[in-house]
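First up is the structure itself, then whatever we jot down about it.
Below, each value reflects all heavy atoms present in this structure, side chains not excepted, and no hydrogens, waters or symmetry copies. Chain letters run A, B, ... following the sequence lines, proteins first and then strands; every chain starts at 1.
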Protein chains: 2
Amino acid sequence: MIININMNEREIFTSFLKRKGLKMTQPRETVLQAFLAHEGHLTTEDILHASRMIDASIGQATVFRTMKLIAEAGLARDACQDDGPRKYEHAYLHSHHDHLHCIGCGKVIEFFDPDIEQAQEAIFKQYGFTAIGHRMELQGLCAECSAQQDKTRTQP
Amino acid sequence: MIININMNEREIFTSFLKRKGLKMTQPRETVLQAFLAHEGHLTTEDILHASRMIDASIGQATVFRTMKLIAEAGLARDACQDDGPRKYEHAYLHSHHDHLHCIGCGKVIEFFDPDIEQAQEAIFKQYGFTAIGHRMELQGLCAECSAQQDKTRTQP
DNA sequence: AATTTAATTGATAATGATTATCAATATCAA
DNA sequence: TTGATATTGATAATCATTATCAATTAAATT
């Protein structure tokens, strides 16, 4: 039996599965624990590695399948970068952070803005939605990349 | 010569290419016009079809390559759905709309919130960024899906 | 506890989207 | 016009994800 310090999330996942007529299994529990044990933006491959530290026999397909369910249960969300494989991040009991992305150098700054959070709540309410999560990415040029671009820009 | 009612966007793209040491070509112009002529969330395949209405000899790879450049130039952005192929939407001289997504039934509502737009501007400023665009998706359950889920939920 | 039913698993093949390769061609600066 | 270099479309290759399937496992029922 795996020691579990995230009983809350486990319960959420279990009850989600039950509601869907699905079963809580050992592989699913392993993938959940592996995901919960790591912060940040995790690819399915990252989660596969982490899962195999717990149980070396976990298959890749199981990780794909289980992460879809975990996301559906509201415990993970797609971090949604433009390129590369899908990246998951924690979505439960984690402060919502958003991303400020420099398309010049690729740098990503994470930030949290209570005003935006509040405005989002208002939108959910206005449309009669139950809030589950959100994802926001601001795209721009950081100070350095802006400066660099100005040098090469022709005058209008 | 293709008639072009979007001289502004064409100029932006041309100067972007020049800055990068790249060339404005007929295929690139065709893809840009095809993209600009259609609103909504367009897959690369959609854009390929539209491009071939203008010039039947356009290759698929050219559409992929050109759309990447158009996005880099700030004229398109990834609409960023969770599944399926990448979808582009217009990002220049179009009111920024954001997405409210029901993860129950999949419905997507587009909305515009000036408060959020303003808060985003503030973030760009705070971090010294030049704003280019943004993408935001709120995820939740619509009224109907919420109601349906309540019925099947066990009491806590 | 044994049985039954249906979901789940991991391995593999298959798919779908995107990217790399390459010889022929087109663009642009000089 | 010419020459250097970027671009093209077709094709093959790659990458991420999904479908398939026989063997296994979980949970409901006896």
Side-chain angles (χ1 to χ4, degrees), chain A residues 1-2 10 13-34 41-49 51-52 54-73 76 78-88 154, chain B residues 1-2 10 13-35 41-52 54-73 76 78-88 154:
Chain A
M1 172 61 179
I2 296 154
R10 189 187 180 282
F13 191 44
T14 305
S15 84
F16 165 83
L17 291 173
K18 180 166 268 178
R19 221 185 310 145
K20 284 266 195 177
L22 307 176
K23 295 166 181 172
M24 182 44 131
T25 65
Q26 207 134 61
R28 280 178 183 160
E29 176 136 9
T30 298
V31 173
L32 178 63
Q33 293 308 319
H41 296 178
L42 304 172
T43 63
T44 312
E45 208 192 342
D46 295 333
I47 300 165
L48 175 63
H49 286 322
S51 299
R52 286 189 168 158
I54 302 172
D55 174 355
S57 71
I58 295 287
Q60 191 178 32
T62 301
V63 175
F64 273 95
R65 289 186 285 228
T66 305
M67 284 312 300
K68 279 209 143 183
L69 293 171
I70 290 173
E72 211 182 328
D78 188 344
C80 204
Q81 314 278 97
D82 272 348
D83 285 322
R86 185 178 294 160
K87 290 171 193 67
Y88 286 105
T154 54
Chain B
M1 173 63 178
I2 296 153
R10 189 186 179 283
F13 191 44
T14 305
S15 82
F16 165 83
L17 292 173
K18 180 166 269 179
R19 221 185 311 144
K20 284 267 197 178
L22 306 176
K23 296 166 181 174
M24 181 44 131
T25 65
Q26 207 135 60
R28 281 180 182 156
E29 177 136 8
T30 297
V31 173
L32 178 63
Q33 294 308 319
F35 169 66
H41 295 179
L42 305 172
T43 63
T44 312
E45 207 192 342
D46 295 333
I47 299 165
L48 175 61
H49 286 322
S51 299
R52 286 190 167 157
I54 302 173
D55 174 355
S57 70
I58 294 288
Q60 191 178 32
T62 301
V63 175
F64 274 94
R65 290 186 285 229
T66 306
M67 285 311 300
K68 278 208 144 184
L69 292 171
I70 290 174
E72 213 182 326
D78 187 345
C80 202
Q81 314 277 98
D82 272 349
D83 286 321
R86 185 178 294 160
K87 290 173 191 65
Y88 286 104
T154 55

Shortest non-hydrogen separation from B:I54 to B:Q33 and the atoms involved
CD1-CB, 4.1 Å

What nucleotide, of C:dT19, C:dA29, C:dT21, holds the atom closest to the side chain of B:R65?
C:dT21

Consider the side chain of A:L22, meaning its heavy atoms from C-beta on, and name the nucleotide among C:dT19, D:dT18, C:dA7 that approaches it most closely.
C:dA7

Look at all strands and tell whether B:R28 reaches a base, only sugar-phosphate, or nothing, counting heavy atoms closer than 4.0 Å.
sugar-phosphate

Between C1' on C:dT18 and CG on B:D46, what's the gap in Å once rounded to a whole number?
16 Å

Please tell me which of the listed nucleotides, D:dA26, C:dT18, D:dT8, lies nearest to the side chain of B:T25?
D:dT8

With the side chain of B:Q60 defined as its heavy atoms from C-beta on, choose the nearest nucleotide among C:dT18, D:dA16, D:dT8.
C:dT18

Residue B:Q26, side-chain heavy atoms: nucleotide from D:dT7, D:dA10, C:dT27 that is nearest
C:dT27

Among C:dA11, C:dT21, D:dT18, find the nucleotide with the atom closest to the side chain of A:F64.
D:dT18

A:M67 has an atom CE; how far is it from atom P of D:dT17, in whole Å?
11 Å

Counting heavy atoms from C-beta on, name the nucleotide in D:dA16, C:dC28, D:dA10 closest to the side chain of A:P85.
D:dA16

Any B:K68 side-chain N or O less than 4.0 Å from OP1/OP2 of C:dT18
no

Quick one: do B:K20 and B:L17 satisfy side chain to side chain contact (heavy atoms under 4.5 Å, CB included)? Show the steps, please.
CA-CA 5 Å; B:K20 284 267 197 178; B:L17 292 173; 5.7 Å; no

Heavy-atom closest contact (B:V63 atom, B:S51 atom, distance):
CG2-OG, 4.3 Å

For a quick check of understanding: with a heavy-atom distance under 4.0 Å over all strands, which category does A:K87 fall into, base, sugar-phosphate or nothing?
nothing

Of the nucleotides C:dT9, C:dT27, C:dT19, which one has an atom closest to the side chain of B:R86?
C:dT19

Measure CG/B:L48 against P/D:dT8 and give the value in whole Å, please.
14 Å

Distance check needed: D:dT7 P versus B:E29 CD, whole Å only.
15 Å

Measure CG/A:D83 against C1'/D:dT14 and give the value in whole Å, please.
15 Å

Sidechain-backbone polar pair: B:R65 side chain, B:Q60 backbone, donor-acceptor under 3.5 Å:
no

Between D:dT8, C:dC28, C:dA11, which nucleotide has the shortest distance from any of its atoms to the side chain of B:K23?
C:dC28

On DNA chain C, does the nearest nucleotide to B:E45 precede the nearest nucleotide to A:L69 from the 5' side, or the other way round? Give the residue.
A:L69

To the nearest angstrom, the NZ-C1' distance between B:K20 and D:dT7 comes to 16 Å

Give, for atom CZ of A:F64 and atom CD of A:E45, the distance between the pair rounded to the nearest 0.5 Å.
9.0 Å

Can you check the A:D55 CG to D:dT24 P distance for me, whole Å?
16 Å

With side chain to side chain contact (heavy atoms under 4.5 Å, CB included) as the test, would you mind laying out the steps for A:T66 and A:F13 before giving the verdict?
CA-CA 10 Å; A:T66 305; A:F13 191 44; 4.2 Å; yes

Heavy atoms only, 4.0 Å cut-off, all strands: where does A:T43 land among base, sugar-phosphate and nothing?
nothing

What is the distance, rounded to the nearest whole Å, between atom CZ of B:F13 and atom C1' of D:dT7?
12 Å

